[in-house]
Amino acid sequence: MYATVMHGPGDVRYEQVNDPEILKPTDAIIQLSATCICGSDLWPYRGANAFDQPMHMGHEYCGVVIEVGADVKTIRPGQFIVGSFVLSDNTCPHCQFGYPSSCEQREFMTGAQAPYARVPLADGTLVATQDMPTDEQIPHMLAVSDVLGTGYYAAEAAGVREGSTAVVVGDGAVGLMAVLSAKLRGADRIIAMSRHETRQKLALEYGATDIVSARGEEGIAEVLELTKGIGADAVLECVGMQQSMDQAMGVCRPGGAVGFVGVPHGVTFDGQGLFFQQKRLFGGPAPVRRYLPDLMERVLRAEIQPGKVFDLTLPIAQVAEGYKAMDERRAIKTMLRV
């Protein structure tokens, strides 16, 4: 088959590779219904993450099971499934404690920007639907596998609850899903920090009550003005850069919390600064598997439409253009039709 392989910064190719095979009895092989490019894929694309050999790309996926290993018990061929970007057994102590993204057998999904993919730990990782989704539901189901689950985790980690004032730092796909998630968790006021008109419009559609386009100290000052000098109860940091983290800490009130889900690049903290600010900080890889049943059901009931975050759809053979469009911020998130 043909699949997406990154050979170096800026060098993405759709090229012939070996078909995926069952390697362990806990594996499944799926036929992708759709796949997509993640914002985190842009780190190696831009040269921020070093790698010394070609990488098979893709960790967001939904599709139909076509083969399972001998030990797979709960997933069967013909089922439509959604899986997490973190592969987990869903039985270890960390999984049972609610953090499958720290599973004792944890692996990270790769190779999903392709027509077919191997999914290890299939029983623990995949969640099947009772019926086959419609074509219109596919983009929304795909969004659940990473960006919606990650945005939801940002809201949970920041402690968003009924009546909260929340600030979302970052207007990429995860940031927009964080806005939607803050709304789902009952935030009364949601301030989205965004400088891009198309993203601002979608943030407002997803539940943002205010838009702040300024960054840095100016952006912090504007949020404090909007909150009468108090700051936000909950801050959802969805970028992973020093400026975005400083901004998140700056708009968080004493006793509030920053939920950070942007993979940190060059982010550092001063111990005394953290000590005297009295702000909680919690995040990491999102435990998406824990959220899948609920979020998938919300999509199937048409309560939410997270797939609107895909503003560019391309045939998978044009995946290189999808990367370029996202890198140049011409697209929020690219969906690849298989």
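Remember, it's a predicted structure, so these values are computed and weren't measured experimentally. Counting begins at 1 with the first residue of the sequence.
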Are any side-chain N or O atoms of [X] and backbone N or O atoms of [Y], one a donor and one an acceptor, separated by less than 3.5 Å?
| X | Y | answer |
| --- | --- | --- |
| Gln305 | His140 | no |
| Ser145 | Tyr61 | yes |
| Gln16 | Met1 | no |
| Glu237 | Gly240 | yes |
| Arg46 | Pro9 | no |
| Ser102 | His94 | no |
| His265 | Val263 | yes |
| Arg289 | Gly124 | yes |
| Arg185 | Val160 | yes |
| Lys333 | Ala173 | no |

From [atom1] ([X]) to [atom2] ([Y]), nearest 0.5 Å:
| X | Y | atom1 | atom2 | result |
| --- | --- | --- | --- | --- |
| Arg199 | Ile332 | CZ | CD1 | 5.0 Å |
| Met6 | Asn49 | CE | CG | 9.5 Å |
| Glu321 | Leu312 | CD | CG | 7.0 Å |
| His7 | Phe51 | NE2 | CZ | 9.0 Å |
| Met141 | Thr129 | CE | OG1 | 5.5 Å |
| Met57 | Arg13 | CE | CZ | 14.0 Å |

Count the heavy atoms of every other residue, nucleotide or ligand shown that sit under 6.0 Å from [atom1] of [X], and state whether that count exceeds 12.
| X | atom1 | answer |
| --- | --- | --- |
| Glu21 | CD | no |
| Asp270 | CG | yes |
| Phe108 | CZ | yes |
| Lys183 | NZ | no |
| Gln278 | CD | no |
| Gln242 | CD | yes |

Honestly curious: do Val144 and Leu184 fall in one hydrophobic cluster under the side-chain, below-4.5 Å linking rule?
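In one cluster: yes.
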Are Leu126 and Met132 connected into the same hydrophobic cluster when the rule is that any two of I, L, V, M, F, W, Y join if their side-chain heavy atoms are below 4.5 Å apart?
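Each belongs to a different hydrophobic cluster.
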Run the salt bridge (charged side-chain N to carboxylate O under 4.0 Å, His left out) test on Arg337 and Asp135 for me, step by step, so that the C-alpha distance in whole Å, both residues' side-chain angles and the decisive distance to 0.1 Å come before the verdict.
CA-CA 11 Å; Arg337 283 291 185 185; Asp135 287 345; 5.8 Å; no
Which heavy-atom pair separates [X] from [Y] by the least distance, and what is that distance?
| X | Y | answer |
| --- | --- | --- |
| Ser40 | His59 | OG-CE1, 3.4 Å |
| Ala257 | Ala157 | CB-O, 4.2 Å |
| Ala114 | Val338 | O-CG2, 4.1 Å |
| Tyr153 | Pro285 | CE2-O, 3.9 Å |
| Ala143 | Gly307 | CB-N, 4.1 Å |
| Met296 | Val127 | CE-O, 3.5 Å |

Counterpart residues, salt bridge (charged side-chain N to carboxylate O under 4.0 Å, His left out), relative to [X] (two or more places apart):
| X | value |
| --- | --- |
| Asp19 | none |
| Arg215 | none |
| Glu156 | Arg290 |

For residues 32-39, tabulate all N or O donor-acceptor pairs below 3.5 Å that involve a side-chain atom, not counting sequence neighbours.
from: Thr35; atom 1: OG1; to: Glu60; atom 2: O; distance (Å): 3.1
from: Thr35; atom 1: OG1; to: Ala112; atom 2: O; distance (Å): 2.9

For residues 71-79, which side-chain N or O atoms pair as donor and acceptor with protein atoms under 3.5 Å away, sequence neighbours left out?
from: Thr74; atom 1: OG1; to: Asp123; atom 2: OD1; distance (Å): 2.6
from: Gln79; atom 1: OE1; to: Arg76; atom 2: N; distance (Å): 2.9

Out of Leu236, Val239, Val168, Thr150, which one pairs with Val174 under the side chain to side chain contact (heavy atoms under 4.5 Å, CB included) rule?
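Only one option passes, and that is Thr150.
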What's in the same ILVMFWY side-chain cluster as [X], cut-off under 4.5 Å, chained through other members?
| X | value |
| --- | --- |
| Ile211 | Leu204 |
| Phe275 | Phe276 |
| Val212 | Val167, Val169, Ile191, Met193, Ile220, Val223, Leu224, Leu226, Val235, Met245, Met249, Val251, Val258, Phe260, Val267, Phe269, Leu274, Leu281 |

Holding to ring pair (Phe, Tyr, Trp, His ring centres under 6.0 Å), I want the full list of residues that pass it with Tyr45, two or more places apart in sequence or in another chain.
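By the ring pair (Phe, Tyr, Trp, His ring centres under 6.0 Å) rule, Tyr45 matches Tyr323.
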Would you mind writing out the side-chain donor-acceptor pairs for residues 83-92 within the sub-3.5 Å range, not counting sequence neighbours?
from: Ser84; atom 1: OG; to: Val86; atom 2: N; distance (Å): 3.0
from: Ser84; atom 1: OG; to: Val86; atom 2: O; distance (Å): 3.2
from: Asp89; atom 1: OD1; to: Thr91; atom 2: N; distance (Å): 2.8
from: Asp89; atom 1: OD1; to: Thr91; atom 2: OG1; distance (Å): 3.4
from: Asp89; atom 1: OD1; to: Cys92; atom 2: N; distance (Å): 3.0
from: Asp89; atom 1: OD2; to: Gln105; atom 2: NE2; distance (Å): 3.0

Sequence neighbours excluded - side-chain hydrogen bond (donor to acceptor under 3.5 Å, both in side chains) pairs with any residue from residues 222-233
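Output for this query lists Asp233-Arg253.
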Who are the side-chain hydrogen bond (donor to acceptor under 3.5 Å, both in side chains) partners of Arg195, not counting sequence neighbours?
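Not a single residue meets the side-chain hydrogen bond (donor to acceptor under 3.5 Å, both in side chains) criterion with Arg195.
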Passes side chain to side chain contact (heavy atoms under 4.5 Å, CB included), Leu121 versus Lys24? Steps please.
CA-CA 9 Å; Leu121 301 173; Lys24 296 181 179 180; over 6 Å; no
